[in-house]
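It should be emphasised that the depicted structure is a prediction, and the values quoted were computed from it without experimental measurement.
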Amino acid sequence: MEQRHLGRTGLRVSRIGLGTLTWGRDTDEHDAAEQLKSFWDAGGTLVDTADVYGGGEAEYLLGRPMERLVPRQDLVLSTKAGSVPDPDRRTDGSRGHLLAALDASLARLGTDHVDLWQLHAFDPYTPLEESLQALDIAVRSGRARYAGVANFCGWQLAKAGTWQLGGDRTRLAGAQLEYSLLQRGVEREVLPAAQDLGIGLLPSSPLGRGVLTGKYRGGTPSDSRGASETMAPFVEPYLDDAASRIVDAVTTAADGLATTPLHVALAWVRDRPGVTAPIVGARTARQLTAALSVETLSLPDEICRALDDVSAPVHRYPDHDWSTL
């Protein structure tokens, strides 16, 4: 699998990453180990998790197969901290919480460092400089090699990235946000900020929460996330008429290229300017292998333009080239 630099750093990662959102909940230990081995066999290196995935179980399941099935040094481990299961305060970016969460993640992963450590979300109740200081401490102490953020909006990413470029601080390597043909909101301000600051984008949900595979065109499959009590609210926003038109266009393109809608949707986001590596999650190794076979596909320019047109978000003042509005 092709390797890419993450932002303006020396860290190289596979251009498709493995996500573990469902590990410990919908994916058991056997399936998790099988996915990790299949990913590594395909040349994948970037594996993304978080301390809250499966209540910590995802990190535990990721750590168990390392060395036994996959050499630790062959993986780029990425985890996140800052999300908390508190309905009144969903994020805790305090330095104390973040560093304690990192130590707990390392214990579950069975390693002395992660390659990329990310703030999972912006905490409006903690000074941003305090949250970012935790990243600096983690890197200086050797517990993390690189640092990044996730789910920051444009001004938050610009502020954080600029702050980290000053003084003796750790520059942000990556930013993880949802990005797909069904969700192009990052193109308004996040992506321009990331490109200007040399921060690599790691798109989550690149398949539109599974909708871009076309599996929901005839209804909701009984074994899909859309039929799951816990995940149905996650999928439902992308089952409207606007999304259906985009899925139809992706399916038409796939038919013309003799490939699958999954491959078309994934190749589109993988090769967007500023993108380093989409993070793909799967319930089984078979699903993951199907996604990873996108490696040989490059979409023709005319297909890309057609998909851009059908999924184009509305950009109005004061975004991009206001003088033409």
Side-chain angles (χ1 to χ4, degrees), residues 1-2 4 14-17 19 154 176-195 200-221 224-226 234-282 287-288 290-317 319-325:
M1 193 182 303
E2 181 183 319
R4 293 173 171 174
S14 53
R15 64 174 179 169
I16 298 292
Q176 186 174 149
L177 292 99
E178 185 170 352
Y179 187 25
S180 73
L181 279 161
L182 296 182
Q183 178 51 271
R184 295 176 61 181
V186 298
E187 294 177 6
R188 293 188 56 154
E189 292 187 337
V190 171
L191 193 51
Q195 289 178 285
L201 189 68
L202 300 171
S204 58
S205 295
L207 299 176
R209 307 182 183 184
V211 174
L212 286 166
T213 63
K215 70 172 68 175
Y216 296 98
R217 294 182 83 200
T220 301
S224 68
R225 290 180 181 179
F234 181 67
V235 176
E236 193 273 334
Y238 292 161
L239 298 178
D240 60 10
D241 291 340
S244 294
R245 289 192 293 272
I246 297 171
V247 173
D248 287 345
V250 170
T251 302
T252 298
D255 291 342
L257 295 171
T259 186
T260 66
L262 181 156
H263 286 155
V264 170
L266 188 53
W268 180 88
V269 71
R270 181 198 64 195
D271 296 332
R272 296 294 287 176
V275 167
T276 299
I279 307 298
V280 176
Q287 289 179 340
L288 177 62
L292 296 179
S293 62
V294 74
E295 180 67 16
T296 59
L297 176 64
S298 294
L299 298 180
D301 290 343
E302 59 271 24
I303 295 292
C304 288
R305 286 193 296 269
L307 294 175
D308 290 350
D309 289 345
V310 76
S311 64
V314 176
H315 284 164
R316 295 195 175 98
Y317 178 88
D319 297 321
H320 310 298
D321 197 14
W322 60 269
S323 63
T324 64
L325 299 176

> Yes or no on side chain to side chain contact (heavy atoms under 4.5 Å, CB included) for Arg15 and Asp271, after CA distance, side-chain angles and deciding distance?
Replying inline: CA-CA 9 Å; Arg15 64 174 179 169; Asp271 296 332; 3.9 Å; yes
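- Minimum heavy-atom separation, Ser205 to Ser180: O-CB, 3.6 Å.
- A donor-acceptor distance shorter than 3.5 angstrom exists from the side chain of Arg4 to the backbone of Thr276, with no hydrogens or angles considered.
- Residues Pro206 and Val269 approach most closely at CB-CG1, 3.6 Å, considering heavy atoms.
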>> Run the side chain to side chain contact (heavy atoms under 4.5 Å, CB included) test on Val310 and Val250 for me, step by step, so that the C-alpha distance in whole Å, both residues' side-chain angles and the decisive distance to 0.1 Å come before the verdict.
In response: CA-CA 10 Å; Val310 76; Val250 170; over 6 Å; no
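- What you find for Arg184 and Ser311 is that their closest heavy atoms are NH1-OG, 2.8 Å.
- With sequence neighbours excluded, the residues forming a side-chain contact (heavy atoms from CB on, under 4.5 Å) with Asp240 are Ala242, Ala243, listed by chain and number.
- A donor-acceptor pair is defined here as one N or O able to donate and one able to accept, closer than 3.5 Å; no such pair exists between the side chain of Arg188 and the backbone of Gly154.
- Remark: the backbone N or O of Glu295 is not paired with any side-chain donor or acceptor of His263 at under 3.5 angstrom.
- Contact of the Trp268 side chain with the Ile303 side chain is not registered, since no non-hydrogen atoms from C-beta on lie closer than 4.5 Å.
- Screening residues 235-259 for ring-ring contact (aromatic ring centres under 6.0 Å, His included) gives no qualifying pairs among residues at least two apart or on separate chains.
- Scanning all heavy atoms of the two residues, the minimum distance from Gly17 to Ala277 falls at N-CB, 4.4 Å.
- Summarising the geometry, atom CG belonging to Asp309 is positioned 11.5 Å from atom CD1 belonging to Ile246; distances are rounded to the nearest 0.5 Å.
- Residues Val190 and Tyr179 have side chains not in contact (no heavy-atom distance under 4.5 Å, counting atoms from C-beta outward).
- Scored by the side-chain contact (heavy atoms from CB on, under 4.5 Å) test, Glu236 finds no partners at all (sequence neighbours excluded).
- Put simply, CD on Glu302 and CG on Leu307 are 10.5 Å apart, with the number rounded to the nearest 0.5 Å.
- Among residues two or more places apart in sequence or in another chain, the side-chain contact (heavy atoms from CB on, under 4.5 Å) test is passed with Ala267 by Arg270, Val294, Leu297, Leu299.
- Of the residues Thr260, Thr213, Ile16, the one that meets the side chain to side chain contact (heavy atoms under 4.5 Å, CB included) test with Leu266 is Ile16.
- Contact detail for Pro278 and Val275: the closest heavy-atom pair is CD-CG1, 4.2 Å.
- Here the closest heavy-atom approach between residue Glu187 and residue Pro313 is recorded as OE1-CG, 4.1 Å.
- Summarising the geometry, atom CZ belonging to Arg272 is positioned 11.0 Å from atom CG belonging to Leu201; distances are rounded to the nearest 0.5 Å.
- Here Thr251 pairs with Arg217, Val247, Asp255, Pro261 under the side-chain contact (heavy atoms from CB on, under 4.5 Å) rule; sequence neighbours left out.
- Remark: Leu262 CG to Leu207 CG distance equals 5.0 Å, nearest 0.5 Å.
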>> Apply side chain to side chain contact (heavy atoms under 4.5 Å, CB included) to residues Leu239 and Arg209 and explain how you reach the verdict.
In response: CA-CA 10 Å; Leu239 298 178; Arg209 307 182 183 184; over 6 Å; no
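- Residues that satisfy the side-chain hydrogen bond (donor to acceptor under 3.5 Å, both in side chains) test with Arg245, not counting sequence neighbours, are absent from this structure.
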